[in-house]
Amino acid sequence: MTKIFYFSATGNSLYVAQVLKTSGTEIFSIPKELRNKNFEVDAEKVGFIFPLHYVGLPILVEEFLQKLNFTNTKYIFAICTCGVPFFGRPFEDFKNILAEKNLKLNATWYVRLVSNYLMSRDTAADWRIKLRYIYADWQLKKIAAAISTNENHTSWEILKGSCKKWHDEWKSRRATLDEKFICDVAKCVKCGMCEKICPVKNISRPNGSPVWNHNCVECLGCLHICPKKAIDVGEVTKGRKRYINWNIKPKDLF
């Protein structure tokens, strides 16, 4: 039995989980497992798939790992989806959490897809996205083969010391991460998709349009899923292209 836990705001990590799902494999949403307080995992092989968040682990993935109890687990793997691989320390932090449970992270991989962090750059051009999908599919075939034989695999991580400082500083600002989120009420059609996609129920809609309640994990799902591009982070994201993995339906992210 293999169990895969994923966290996905714009579909990349969910897509990877679906590609790797075979007979005898179950996949689970990390936000859903956290909400339901399901922290017991009994499986010989356990995998985790998540995006790179501010050069480290997403806040929810870290919280889930710290609470998770493993039984009969012999092989643990982790896959980080990202726009730029190797620059960060998600696997280092992952290993440290497992070490506290006397467990080992056996295999790690970066899968380069499309970054959704619009505050730093615009979404890649369509031709570049197509190329990344092609390469990712090729890479995932190799990863699937490695997982099937419990192969050990290590991924580079550069500037881990600096990345820890940046990541810790980012986490310390959690209560203010959504301060610059705005909604253009003239564009907003009050569809509620932003509220549905939020993994931590940080969005309420007292008058139909979103209000952020300062418990954000900066996944940016609300920004990308809005059908009218009514949501922005200050002025910097205005005019930039939104992104949902082309192989994933928006409703699958709710």
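Numbering starts at 1 and runs along the sequence shown.
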Cluster question for you: counting only ILVMFWY and a side-chain heavy-atom cut-off of under 4.5 Å, with indirect links fine, are Leu52 and Phe86 together? no
Less than 4.5 Å apart, side chain to side chain, heavy atoms only: is that true for Ile143 and Phe77? no
Are Asn247 and Asn245 close enough that a side-chain donor and a side-chain acceptor fall under 3.5 Å? yes
If hydrophobic clusters are built from ILVMFWY residues whose side chains come within less than 4.5 Å, do Leu20 and Val61 share one? no
Ignoring hydrogens, what is the shortest heavy-atom contact between Cys222 and Ile197? Give both atom names and the distance. N-CG2, 3.7 Å
Going through the distances and angles, do Glu62 and Arg174 end up as a salt bridge (charged side-chain N to carboxylate O under 4.0 Å, His left out)? CA-CA 14 Å; Glu62 184 175 341; Arg174 180 170 181 179; over 6 Å; no
Find out if a path of hydrophobic residues (ILVMFWY) with successive side-chain heavy-atom gaps under 4.5 Å connects Ile49 to Leu105. no
For Asn12 and Tyr243, what are the C-alpha separation, side-chain angles and deciding distance, and is it a side chain to side chain contact (heavy atoms under 4.5 Å, CB included)? CA-CA 10 Å; Asn12 287 335; Tyr243 171 78; 2.7 Å; yes
Is any side-chain heavy atom of Met1 closer than 4.5 Å to one of Glu26? yes
Can you confirm whether Val211 sits close enough to Asn213 that some side-chain heavy atom of one is under 4.5 Å from a side-chain heavy atom of the other? yes
For the backbone of Ala43 and the side chain of Thr73, can you confirm whether one donor and one acceptor N or O come within less than 3.5 Å of each other? yes
Chi angles and distances behind the side chain to side chain contact (heavy atoms under 4.5 Å, CB included) call for Asn96, Arg89: CA-CA 11 Å; Asn96 291 339; Arg89 54 173 294 125; 4.0 Å; yes
Applying salt bridge (charged side-chain N to carboxylate O under 4.0 Å, His left out), which residue pairs with at least one partner in residues 154-163 are found, sequence neighbours left out? Glu92-Lys160
Test of understanding: clusters of I, L, V, M, F, W, Y form through side-chain heavy atoms closer than 4.5 Å, transitively. Do Val114 and Val84 belong to the same one? no
Count the heavy atoms belonging to other residues, nucleotides or ligands that lie under 6.0 Å from CG of Asn69, then report whether that count exceeds 12. yes
Side chain to side chain contact (heavy atoms under 4.5 Å, CB included) assessment of Val111 paired with Leu140: CA-CA 8 Å; Val111 174; Leu140 288 171; 4.1 Å; yes
Other than Leu131, what residues sit in its cluster of Ile, Leu, Val, Met, Phe, Trp and Tyr side chains whose heavy atoms are under 4.5 Å apart, directly or through others? Trp127
Return the minimal non-hydrogen interatomic distance between Pro51 and Cys80, and the atom names on each side. C-SG, 3.9 Å
So, Asp252 and Tyr15: side-chain donor and acceptor under 3.5 Å apart, yes or no? no
Single-linkage hydrophobic cluster, 4.5 Å side-chain cutoff, Ile231 and Leu253 together: no
Kindly determine whether Glu218 and Trp170 satisfy side-chain hydrogen bond (donor to acceptor under 3.5 Å, both in side chains), including the steps that lead there. CA-CA 10 Å; Glu218 209 172 53; Trp170 171 73; 2.7 Å; yes
Audit row: Phe254, Ile225, side chain to side chain contact (heavy atoms under 4.5 Å, CB included) steps and yes/no: CA-CA 10 Å; Phe254 295 154; Ile225 205 165; 3.5 Å; yes
Compare all side-chain heavy atoms of Leu220 with those of Phe181 and state whether any distance is below 4.5 angstrom. yes
So which heavy atom on Ile244 is nearest to which on Ile248, and how close? CG2-O, 3.9 Å
Taking side chain as C-beta onward, heavy atoms only, is Ile97 less than 4.5 Å from Leu57? yes
When every non-hydrogen atom of Val236 is compared with those of Arg240, the smallest separation belongs to O-NE, 3.4 Å
So how far is it from Arg242 CZ to Asn116 CG, rounded to the nearest 0.5 Å? 11.0 Å
Can you tell if the side chain of Phe64 reaches within under 4.5 Å of the side chain of Phe7, non-hydrogen atoms only? no
Looking at Asn202 and His214, would you say the former's side chain and the latter's main chain have a donor-acceptor pair under 3.5 Å? yes
Would you mind reporting whether His53 and Ile59 have side-chain heavy atoms less than 4.5 Å apart? no
Testing the basics here: between Glu40 and Leu68, what is the closest heavy-atom pair and its distance to 0.1 Å? N-CD1, 4.4 Å
Aromatic plane relationship, Phe50 with Phe94 - under 30° parallel, 30 to 60° tilted, over 60° perpendicular: parallel
Determine whether the side chains of Asn72 and Glu44 contain a donor N or O and an acceptor N or O closer than 3.5 Å. no
Kindly write out the residues that satisfy salt bridge (charged side-chain N to carboxylate O under 4.0 Å, His left out) with Lys165, not counting sequence neighbours, or none if the list is empty. none
Using a cut-off of 6.0 Å, state whether more than 12 heavy atoms not belonging to Lys164 lie near its atom NZ. no
Between His224 and Lys241, what is the shortest heavy-atom contact and its length? CE1-O, 4.5 Å
Quick check: do Lys201 and Arg35 have side-chain heavy atoms less than 4.5 Å from each other? yes
